[in-house]
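Structure, as structure tokens:
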There are 2 protein chains.
Amino acid sequence: MAVATKRSFMLDEQGCDVSEWDAGNCPVRDVIERISGKWSTLILEALAEKPYRFGELRRLVPDISQRMLTQTLRDLQRDGYIDRKVFPTKPPSVEYSMTALGHSLFEPLLKVLQWAAANHHSVKAARARYDESDMA
Amino acid sequence: MAVATKRSFMLDEQGCDVSEWDAGNCPVRDVIERISGKWSTLILEALAEKPYRFGELRRLVPDISQRMLTQTLRDLQRDGYIDRKVFPTKPPSVEYSMTALGHSLFEPLLKVLQWAAANHHSVKAARARYDESDMA
DNA sequence: CGGGATCCATTCTGATACTG
DNA sequence: CAGTATCAGAATGGATCCCG
């Protein structure tokens, strides 16, 4: 019953249908657009392993600016993926850890990361082919 | 042997280790950073279902500009995820379709989209909690 | 119809300096 | 140590005009 008329993959139930991909009312976009930043994945990947402190994360991702690290952490915290614990030591230290929600998100996300690791060569090859063919 | 000293999830083999997250030499970042754009996921989601023409995609994603649509399609094509076929009709039409590589990527990616659909409410709740608690 | 080229407004990023 | 504040440059997005 009405099988091929809709998208084959299940996303309609609570997700968003093609007909409602408009800006604000698509739950999937609302969630995805936050974790699809340049740094979000990296930070999530790090914290999925174990908690880290601010400075540690900074050293772990060498080319992130302190500004972007702060901002990314705030965003991830706001959406409930990571937790922020402040230790009133001297000097103060702040520890970031992944929440249950974060771990549950990371599970499917890891699959994508693994795909990326496994298929990087194919992507590179495709790029090479593309770049070569557009030179006259 | 040497189990917990490394990250628990498998990504080291051909992926990137924590120690080599530096800018250019991380394959995972190289792949992820391209599909994590604001529009890439949407276009992939559309083309995963069936091929579409330029104008159709535009109508499907109402709030994308023609400029960004062109650019996103080019990027996805360059990385080998989608195919571009030009029909020399009058007026001409161009059809975009997903390649085998694209479908293989979309498989794990879909899991993330489904997660987003299923957990949107949790994320919204977390946001509400966060926004409420930072008002003094 | 499916773009490319250009101009402009907005947003994002990174480097630097300063604070509790 | 863990940020905040500021500023400049890069990237992003929209609008308009043009072409095959």
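Every chain is numbered from 1 and lettered A, B, ... according to where its sequence line falls, protein lines coming before strand lines.
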**Asked** By side-chain contact (heavy atoms from CB on, under 4.5 Å), which residues pair with E56(A), not counting sequence neighbours?
**Response**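 With neighbours one apart ignored, the set is Y52(A), R53(A), R59(A).
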
**Asked** With sequence neighbours excluded, what pairs up with P92(B) under the side-chain contact (heavy atoms from CB on, under 4.5 Å) test?
**Response**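 So P92(B) forms no side-chain contact (heavy atoms from CB on, under 4.5 Å) with any residue.
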
Separation of atom [atom1] in [X] from atom [atom2] in [N], rounded to whole Å:
| X | N | atom1 | atom2 | answer |
| --- | --- | --- | --- | --- |
| L42(A) | dT13(C) | CG | C1' | 15 Å |
| K90(B) | dG3(C) | NZ | C1' | 18 Å |
| E56(B) | dC1(C) | CD | C1' | 12 Å |
| L73(B) | dG3(C) | CG | P | 7 Å |

Can you tell if the side chain of [X] reaches within under 4.5 Å of the side chain of [Y], non-hydrogen atoms only?
| X | Y | answer |
| --- | --- | --- |
| L105(B) | N119(A) | no |
| L69(B) | I43(B) | yes |
| Q71(B) | R74(B) | no |

**Asked** Taking only residues at least two apart or on different chains, which pairs with a member in residues 78-90 of chain B satisfy side-chain hydrogen bond (donor to acceptor under 3.5 Å, both in side chains)?
**Response** R127(A)-D79(B), D131(A)-R78(B), R84(B)-Y96(B)

**Asked** So which of L110(A), I35(A), V31(A) actually passes side-chain contact (heavy atoms from CB on, under 4.5 Å) with V112(B)?
**Response** I35(A)

**Request:** Tell me what Y96(A) touches on the nucleic acid: a base, only sugar-phosphate, or nothing, going by heavy atoms under 4.0 Å.
**Result:**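 Sugar-phosphate: the residue Y96(A), judged by heavy atoms under 4.0 Å, touches backbone atoms but no base.
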
**Message:** Run D63(A) and K38(A) through salt bridge (Lys or Arg N to Asp or Glu O under 4.0 Å) and show every step you take.
**Reply:** CA-CA 11 Å; D63(A) 56 342; K38(A) 184 177 180 183; over 6 Å; no

**Prompt:** If you fit an axis to the five pairs at each end of the helix from dC1(C)-dG20(D) to dG20(C)-dC1(D), how big is the angle between those two axes, to 10 degrees?
**Reply:**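 So the angle between the two local helix axes works out to 40°.
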
**Request:** Give me the first and last nucleotide of DNA chain D, going 5' to 3', that has any atom under 4.0 Å from a heavy atom of chain B.
**Result:**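 First-to-last contact on DNA chain D, by the 4.0 Å heavy-atom rule, is dG13(D) to dG20(D).
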
**Message:** For the CD1 atom of I64(B) and the CH2 atom of W39(B), what is their distance to the nearest 0.5 Å?
**Reply:** 5.0 Å

**Request:** At under 4.0 Å between heavy atoms, which parts of nucleotides 14-20 of chain C does protein reach? Answer with one letter per nucleotide, 5' to 3': B base, S sugar-phosphate only, - none.
**Result:** BBBB--B

**Item:** Polar side-chain atom of S36(B) near backbone of S36(A) as donor-acceptor pair, under 3.5 Å
**Value:**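 It does hold such a pair.
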
**Asked** Looking only at atom types and distance, does a side-chain atom of S40(A) sit under 3.5 Å from a main-chain N or O of R34(A), one as donor and one as acceptor?
**Response** yes

